[in-house]
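Side chains included, hydrogens not; waters and symmetry mates left out as well; all remaining heavy atoms used. Values in this document were obtained by computation on a predicted structure and should not be read as measured data.
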Amino acid sequence: MAPVLALVGATGAVGTVMIDIINHRETVPWGEIRLIASARSAGKKLTVRGEELTVIELTAEAFDGVDVAMFDVPDEISAEWAPVAAARGAVAVDNSGAFRMDDQVPLVVPEVNADKVGERPRGIIANPNCTTLSMMAALGALHREFELKELVVASYQAVSGAGKEGVDRLYAELEAVAGKPVGVSAGDVRATLESAGLSISDSPFPAPLAYNVVPSAGSYKGDGWYSEELKVRNESRKILGIPDLKVSATCVRVPVVTTHSLAVHATFAREVTVEEAHKVLEAQPTIVLVDDPENNVFPTPGDVVGEDPTYVGRVRQALDFPNTLDFFVCGDNLRKGAALNTYEIAETLAPQLG
């Protein structure tokens, strides 16, 4: 019998992307797809693979008969309900941050460590943070060939990583400054936003995003570090299976709606050339290599938004650093950075279930 898939958070932003991904798969391994959400969303109708499905309320009984339950909900909801789903016999695949660093929960990117899906003593598998995910297919492939030793990353993160509130704020700021001669002095953008009723104290970001970049992402964790930067370090170590990997990250919020970009500086144990790296990356089915700098051909977030693969370009040998590559990565943070990887974990599980 084909396994049963449940999607918890079906009406949310990532849940909506998940349904789009399922609808565009050539085939799916599921005998039934069940949509689950909060009580206020129960009863809504959504079309999945040509069939109109009714969203049901999140209860323990909603997981009866479910083989895989994908969670696209806030941390606190996952923390409460993923163990409930597991106790009812489902494998919970969680897209939140609730379980990522739990030693009893594998953190999985199928291109890198698909074998870990079977090691789930709590019945839960975690999906990494979108920033880490954006570079992991490329890093995993290069690590297998050349053995990664050190990693320095600068991220350029889209506002959708902060949810709908982040997107709405960017749109409001852009509308407020449109056509105005701001930027002559440091206070111009802030003053223009304030005059439009857009106080920074009401923003999800600590500084304006319009005409600006903001070197903070996530919450401040002390000693100069923000949570997104620590996630890159801790999650990269766990996914790649390198507990002593040297990692440093600087995460920056930029005025882009969707698609994270990362500048990666990766040092390997073995010598690696650009030509060898190109061959490794081109062989990966979920990576698109776009790398012709002489003709200004490289990935940008505007080109990648809405796409499933990871796009890689600007691959070059680092000057003054042996065995080191610099490259630029773009990945849609709502697709591969969230919904797609979660679904690919579920697809990896499907042959073992049902």
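Asp75 and Ser78 form no side-chain donor-acceptor contact under 3.5 Å, judged by distance and modelled atom types alone. Residues Asp308 and Thr286 bring no donor and acceptor atom of their side chains to less than 3.5 Å of each other. Using a 3.5 Å distance cut-off with no hydrogens or angles, the side chains of Lys149 and Thr267 do not pair a donor with an acceptor.
Within the 4.5 Å cutoff, the side chain of Thr11 has heavy atoms near those of the Leu46 side chain. Two residues are said to be in side-chain contact when any heavy atoms from C-beta on lie closer than 4.5 Å; Val109 and Pro128 meet this criterion. Residues Arg253 and Tyr156 form no side-chain contact, since every pair of their non-hydrogen atoms from C-beta on lies 4.5 Å or further apart. Between Thr250 and Ser155 the shortest side-chain heavy-atom distance does not fall below 4.5 Å. For the pair Leu35/Thr54, no side-chain contact is recorded, criterion being any heavy-atom separation below 4.5 Å from C-beta on. At a threshold of 4.5 Å between non-hydrogen side-chain atoms, the residues Met70 and Asn95 do not count as touching. Side chains of Thr47 and Leu53 form no contact here, defined as non-hydrogen atoms less than 4.5 Å apart. With a 4.5 Å cut-off on side-chain heavy atoms, Cys330 and Phe298 do not count as touching.
Across all non-hydrogen atoms, the minimal contact from Ala37 to Ala10 is CB-N, 4.5 Å.
More than 12 heavy atoms of other shown residues, nucleotides or ligands fall within 6.0 angstrom of atom CZ in Arg270. Around atom CG of Asn295, more than 12 heavy atoms belonging to other residues, nucleotides or ligands sit under 6.0 Å away.
Note on ring orientation: taking the six-membered ring where Trp is involved, the planes of Trp30 and Tyr343 are perpendicular (angle over 60°, cut-offs 30° and 60°).
Within the model, atoms OG1 of Thr342 and CD of Glu344 stand 9.0 Å from one another, a figure rounded to the nearest 0.5 Å. Rounding to the nearest 0.5 Å gives a distance of 11.0 Å between CG of Leu340 and CD1 of Ile22.
Under 4.0 Å is where a charged nitrogen must lie from a carboxylate oxygen, and between Glu307 and Lys336 no such pair does. Between Glu275 and Lys279, none of the side-chain N atoms (NZ, or NE/NH1/NH2) sits under 4.0 Å from a carboxylate O, so this pair counts as no salt bridge. Ion pairing between a basic and an acidic side chain is recognised when a charged N comes within 4.0 Å of a carboxylate O; Arg100 and Asp94 show no such pairing.
Of the possible polar contacts, none joining the Asp292 side chain to the Val297 backbone as a donor-acceptor pair under 3.5 Å is found. Judged by distance alone, the side chain of Asn234 and the main-chain N or O of Leu230 form a donor-acceptor pair under 3.5 Å. Side chain of Thr324 to main chain of Pro322: a donor-acceptor pair is present (N/O by atom type, distance under 3.5 Å, no hydrogens or angles). Without hydrogens or angle criteria, Asn341 side chain to Gly337 main chain gives no donor-acceptor distance under 3.5 Å. Judged by distance alone, the side chain of Arg237 and the main-chain N or O of Ile242 form no donor-acceptor pair under 3.5 Å. A donor-acceptor pair under 3.5 Å is absent between the side-chain atoms of Asp332 and the main chain of Thr259, judged by distance alone.
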Inset, instruction - Evaluate the criterion side chain to side chain contact (heavy atoms under 4.5 Å, CB included) for residue pair Ser248 and Trp225; output intermediate values, then yes/no. - result: CA-CA 10 Å; Ser248 186; Trp225 297 99; 3.6 Å; yes
Inset, instruction - Evaluate the criterion side chain to side chain contact (heavy atoms under 4.5 Å, CB included) for residue pair Glu276 and Glu271; output intermediate values, then yes/no. - result: CA-CA 10 Å; Glu276 289 170 332; Glu271 183 179 356; 5.7 Å; no
Inset, instruction - Take Leu5 and Arg34 through the test side chain to side chain contact (heavy atoms under 4.5 Å, CB included) and record every step on the way to the result. - result: CA-CA 6 Å; Leu5 176 72; Arg34 195 175 299 178; over 6 Å; no
Enumerate donor-acceptor pairs with a distance under 3.5 Å from any side-chain N or O in residues 131-144 to protein atoms, sequence neighbours excluded.
| residue | atom | partner | partner atom | Å |
| --- | --- | --- | --- | --- |
| Thr131 | OG1 | Asn129 | ND2 | 3.3 |
| Thr131 | OG1 | Gln157 | OE1 | 3.4 |
| Thr131 | OG1 | Gln157 | NE2 | 3.3 |
| Thr131 | OG1 | Glu228 | OE1 | 2.8 |
| Thr132 | OG1 | Glu235 | OE1 | 3.2 |
| Ser134 | OG | Cys130 | O | 2.9 |
| His143 | ND1 | Leu148 | N | 2.9 |
| Arg144 | NH1 | Glu111 | O | 3.1 |
| Arg144 | NH2 | Gln284 | OE1 | 3.4 |

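Among Ile124, Asn127, Leu107, the one residue that satisfies the side chain to side chain contact (heavy atoms under 4.5 Å, CB included) test with Phe99 is Ile124.
For residues 122-136, the pairs satisfying salt bridge (charged side-chain N to carboxylate O under 4.0 Å, His left out) are Asp102-Arg122, with sequence neighbours left out.
Within the hydrophobic cluster formed by Ile, Leu, Val, Met, Phe, Trp and Tyr side chains joined at under 4.5 Å, directly or through other members, Leu58 is accompanied by Val8, Ile36, Ile56, Phe63, Phe71, Val73, Ile77, Trp81, Val84.
Partners of Asp326 under the salt bridge (Lys or Arg N to Asp or Glu O under 4.0 Å) rule, at least two apart in sequence or in another chain, do not exist in this structure. Considering only residues two or more places apart in sequence or on other chains, Thr348 meets the side-chain contact (heavy atoms from CB on, under 4.5 Å) condition with Pro110, Ala114, Val117. The ring-ring contact (aromatic ring centres under 6.0 Å, His included) test applied to Phe321 returns His265, not counting sequence neighbours.
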